[in-house]
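This report concerns only the one structure given below.
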Amino acid sequence: MTAPNNGYTLRCISCNAVNDERKTSTYCTECGSVLTVDYHESRKEIQYPLNTLLPDPLKHDATTLRRLSRLSELYGADLYAKLELENPTGCFKDRGSFVEVQKALELGADAICLASTGNMAASVAAYACYFKIPCFVFVPEKTPETKLAQSTIYDATIIKIKGDFKMCEILCREFAKSGNYYLAGDYVFRQEGQKSFSYELFEQGPVDYDYIFVPVGAGTNLAAIYKGFKELKDAGQITRIPSFVAVQPEQSSPVVEGIFKKEKIIKDHVNTMADAVAVGDPFDFYKVMEAIKDTNGLAFTATENEILESVKEMTVEEGIYTEPACAIPLATFKNNAATFRGKKCLFVLTGTGLKSSHIVTKYSLSSPVLSPKLERIQQYIESGFPEMQRKSWGQSREMIMGNVNMDDEHSRLYEEYVSGISKKGKTLKEEEIKALKSLVYNEDTKLEKPVEVLDYKLTMRMHGLVSAAVKLRLPNGEEIISLDQGVGPLDAVLTAIKAETDEFIPLVVKSHEVEILSPDTDSLVVATLVLEKEDFTFTSKGVSPDTIEAVIQAFVKGLAIANKALVV
Ligand SMILES: *Cc1c(COP(=O)(O)O)cnc(C)c1O
Ligand SMILES: [Zn+2]
């Protein structure tokens with residue numbers, strides 16, 4: 001590790017004012033714009049804005065630089081990837097967090113706080129935890145659980161806010177002022193860490209790339225990589241800086257739009273499966289615009305479908321499983337294949353797919369549970385389901401089940417469902433048929449329902465509780481009517497059923513979700529309950545044009561599953 005340099009100035013990129021790092025490392029105190037670190041002399045070695053630099057305790061090796069041989073062959077270009085997903089928390093942000101946390105310690109902060117869509121929280125939490133400084137992370141309520149889990153295990157205090165990233169940012173800034181806290185984030189010192197990407201790349205071989213593709217959210221990473229290259233050039237290490245390609249999801253593209261309009265654009269709402277780059281107000285827009293302009297760069301967007309396709313392609317062709325944001329380079333490259341033919345391109349693969357397994361679950365068919373018999377397994381392999389599962393990628397699960405062959409028991413079960421639904425006077429649409437088949441296919445036909453719901457009746461008023469009367473057949477064959485109340489119809493019905501069943505199968509409803517399959521008012525509804533019996537948590541589904549009936553089905557099925565698990 002080289003000696004850090006103390007000779008630097010925090011300069012505003014708009015008004016050039018010199019700022020004091022003890023007063024701000026976020027916005028210029030003169031004009032509110034963003035800052036950059038100017039070193040007083042150029043050096044061959046990387047310089048950090050720290051008095052003393054400890055070696056990175058969590059990382060010892062460079063991330064892999066790999067040629068993408070198959071994709072190069074396929075698309076007639078010379079393609080490379082730098083696997084930033086190999087960083088300690090599975091994301092490039094560790095490069096910046098390493099420096100930010102040391103800066104916080106140097107400035108004598110009592111704690112670190114930051115707002116994040118998930119990855120930065122995990123990353124800062126990891127370094128804060130190692131260096132034993134408390135860490136507060138502000139995250140939007142929709143942050144994927146796998147990302148939050150990392151912050152949890154690293155002992156951060158998690159502040160989950162009802163609202164989006166922007167709301168978290170505003171609150172966290174206020175919070176930072178309420179104590180001796182270091183406000184971390186996409187600010188000036190983070191870039192000084194993230195620029196190590198360029199130095200590392202330089203050591204890995206010639207950096208004669210024509211283009212470097214970077215997935216962009218706040219723009220901090222692209223700006224940092226560009227700064228690293230500029231420093232290398234100023235020090236005489238390289239003569240040319242590659243052209244930068246800023247890429248974003250079409251559904252969250254303020255930076256790309258801004259580059260074309262030559263002014264900063266702020267979006268109130270952004271919505272993309274590439275949550276790591278879902279940033280409506282890109283902090284480092286001006287630095288990105290400068291990098292694109294100075295390097296004769298480009299900017300592109302990709303649709304959600306193109307992103308999904310490229311996630312799969314990178315995994316299947318090159319064995320690299322990334323999170324959706326990192327698929328945008330490949331997707332945009334393919335969309336503009338003519339521009340890049342024969343060119344040497346580098347894709348910056350910023351984060352690992354293991355943190356986004358919910359995307360895979362959502363956009364592929366889930367596997368059915370099979371009874372433990374060889375013939376059932378054989379039947380399953382021949383049913384066409386596994387083939388379809390492989391081909392189903394990118395389509396919403398449950399929507400491509402039309403051609404699956406079911407065994408006799410499942411066919412019978414399917415007929416039962418269809419006849420129950422027809423009795424209500426409903427004709428199934430194609431999409432509904434597929435969804436129903438998928439649900440039946442995933443069902444255990446040997447389930448014995450311990451109770452049967454024969455009928456129910458609800459009394460609802462505008463004000464006050466809902467009353468439910470549910471007619472049940474109990475395991476001993478006895479038919480009874482259970483009366484109870486709840487805050488809503490589902491609550492009332494389930495409470496009435498549970499009043500009779502809790503005694504022999506105590507089940508807790510942890511959560512429920514209702515999915516409506518078509519825009520029609522008579523649409524088939526799929527109800528999914530997450531249920532818990534002692535330590536055993538599982539899901540159960542029901543389907544009907546009637547929401548309440550779908551929930552009842554799911555619950556009764558849940559009783560059967562819990563009962564069976566108990567017996568086994
Ligand atoms: C944060 C993040 C980005 C975007 O980086 P910015 O510096 O915000 O532009 C891209 N990919 C992943 C996986 C990230 O976590
Ligand atoms: Zn300024």
Side-chain angles (χ1 to χ4, degrees), residues 9-20 23-24 26-36 63 82-87 89-97 100 114-124 139 143-144 146-147 150 165 169 184-188 190-191 193-195 197 213-227 244 246-249 252-256 258 270 272-288 291 299 307 311 321-329 347-356 359:
T9 310
L10 278 194
R11 179 178 58 82
C12 169
I13 67 161
S14 299
C15 74
N16 282 321
V18 172
N19 280 250
D20 177 355
K23 296 213 177 79
T24 181
T26 54
Y27 298 95
C28 172
T29 47
E30 297 292 319
C31 77
S33 184
V34 303
L35 305 171
T36 189
T63 60
K82 189 147 166 73
L83 308 193
E84 287 294 280
L85 45 90
E86 291 174 351
N87 280 290
T89 70
C91 171
F92 75 88
K93 290 199 170 66
D94 296 339
R95 295 177 185 276
S97 307
E100 272 202 309
L114 78 154
S116 164
T117 58
N119 280 339
M120 199 190 293
S123 175
V124 174
V139 292
T143 310
T146 32
K147 293 185 179 180
Q150 287 185 294
F165 173 69
E169 229 184 351
D186 286 311
Y187 306 117
V188 63
R190 168 159 296 273
Q191 281 184 18
Q194 288 177 1
K195 74 183 183 189
F197 174 97
F213 287 67
V214 188
V216 168
T220 308
N221 196 32
L222 191 150
I225 297 173
Y226 176 55
K227 186 166 193 280
F244 278 83
V247 299
Q248 292 198 296
S252 176
S253 55
V255 170
V256 175
V270 288
T272 167
M273 75 176 81
D275 53 76
V277 291
V279 178
D281 182 355
F283 183 79
D284 276 323
F285 172 74
Y286 290 106
K287 289 182 181 174
V288 173
I307 293 171
V311 167
Y321 172 37
T322 68
E323 67 171 272
C326 324
I328 313 174
F347 296 161
V348 182
L349 304 185
T350 46
T352 173
L354 293 176
K355 296 202 211 189
S356 306
I359 297 291

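Just so you know, ligand 1 is whichever comes first in the structure, and atom 1 is the first atom listed for that ligand. Quick caveat, the model's predicted, so the values are computed rather than measured.
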Check whether any side-chain heavy atom of [X] lies under 4.5 Å from a side-chain heavy atom of [Y], and answer yes or no.
{"X": "I307", "Y": "I328", "value": "yes"}
{"X": "S356", "Y": "P324", "value": "yes"}
{"X": "V279", "Y": "V270", "value": "no"}

For [atom], what's the nearest protein heavy atom and its distance?
{"atom": "atom 8 (O) of ligand 1", "value": "A218 N, 2.9 Å"}
{"atom": "atom 14 (C) of ligand 1", "value": "K93 NZ, 2.9 Å"}
{"atom": "atom 7 (O) of ligand 1", "value": "N221 N, 2.9 Å"}

Steps toward side-chain hydrogen bond (donor to acceptor under 3.5 Å, both in side chains) verdict (T272, S252): CA-CA 6 Å; T272 167; S252 176; over 6 Å; no

For residues Y226 and F244, establish whether the separation of their ring centroids is below 6.0 Å. yes

Pair R190-V124, side-chain contact (heavy atoms from CB on, under 4.5 Å): steps then yes or no: CA-CA 10 Å; R190 168 159 296 273; V124 174; 3.4 Å; yes

Option nearest [atom] (shortest heavy-atom distance, choices [options]):
{"atom": "atom 10 (C) of ligand 1", "options": "D186, V277, V348", "answer": "V277"}
{"atom": "atom 11 (N) of ligand 1", "options": "T350, V288, L349, V279", "answer": "T350"}
{"atom": "atom 4 (C) of ligand 1", "options": "G118, G217, S116", "answer": "G217"}

For ligand 1, which atoms sit closer than 4.0 Å to a heavy atom of [X]?
{"X": "C91", "answer": "15 (O)"}
{"X": "T220", "answer": "6 (P), 7 (O), 9 (O)"}
{"X": "A276", "answer": "1 (C), 2 (C), 3 (C), 12 (C), 13 (C), 14 (C), 15 (O)"}
{"X": "G219", "answer": "6 (P), 8 (O), 9 (O)"}
{"X": "V216", "answer": "9 (O)"}
{"X": "G351", "answer": "13 (C)"}

Side chain or backbone of [X] under 4.0 Å from ligand 1, or both, or neither, by non-hydrogen atoms?
{"X": "Q194", "result": "neither"}
{"X": "M120", "result": "neither"}
{"X": "N119", "result": "side chain"}

With distance as the sole criterion, is a donor-acceptor pair present between the side chains of [X] and [Y] under 3.5 Å?
{"X": "E84", "Y": "N221", "value": "no"}
{"X": "S123", "Y": "S97", "value": "yes"}
{"X": "T117", "Y": "D275", "value": "no"}

Has F92 got any heavy atom lying under 4.0 angstrom from an atom of ligand 1? yes

Who are the side chain to side chain donor-acceptor pair (under 3.5 Å) partners of E323, not counting sequence neighbours? N119, K147

What's within reach of the Zn ion (ligand 2), meaning protein N/O/S atoms under 2.8 Å? C12 SG, C15 SG, C28 SG, C31 SG

Does Q191 reach the main-chain N or O of K227 with its side chain, forming a donor-acceptor pair under 3.5 Å? no

E30 side chain to C15 main-chain N or O, any donor-acceptor pair under 3.5 Å? no

Can Y321 and L354 be said to form a side-chain contact (heavy atoms from CB on, under 4.5 Å), step by step? CA-CA 8 Å; Y321 172 37; L354 293 176; 4.0 Å; yes

Does C91 form a side-chain contact (heavy atoms from CB on, under 4.5 Å) with K355? I'd like the steps, not just the answer. CA-CA 10 Å; C91 171; K355 296 202 211 189; 4.1 Å; yes

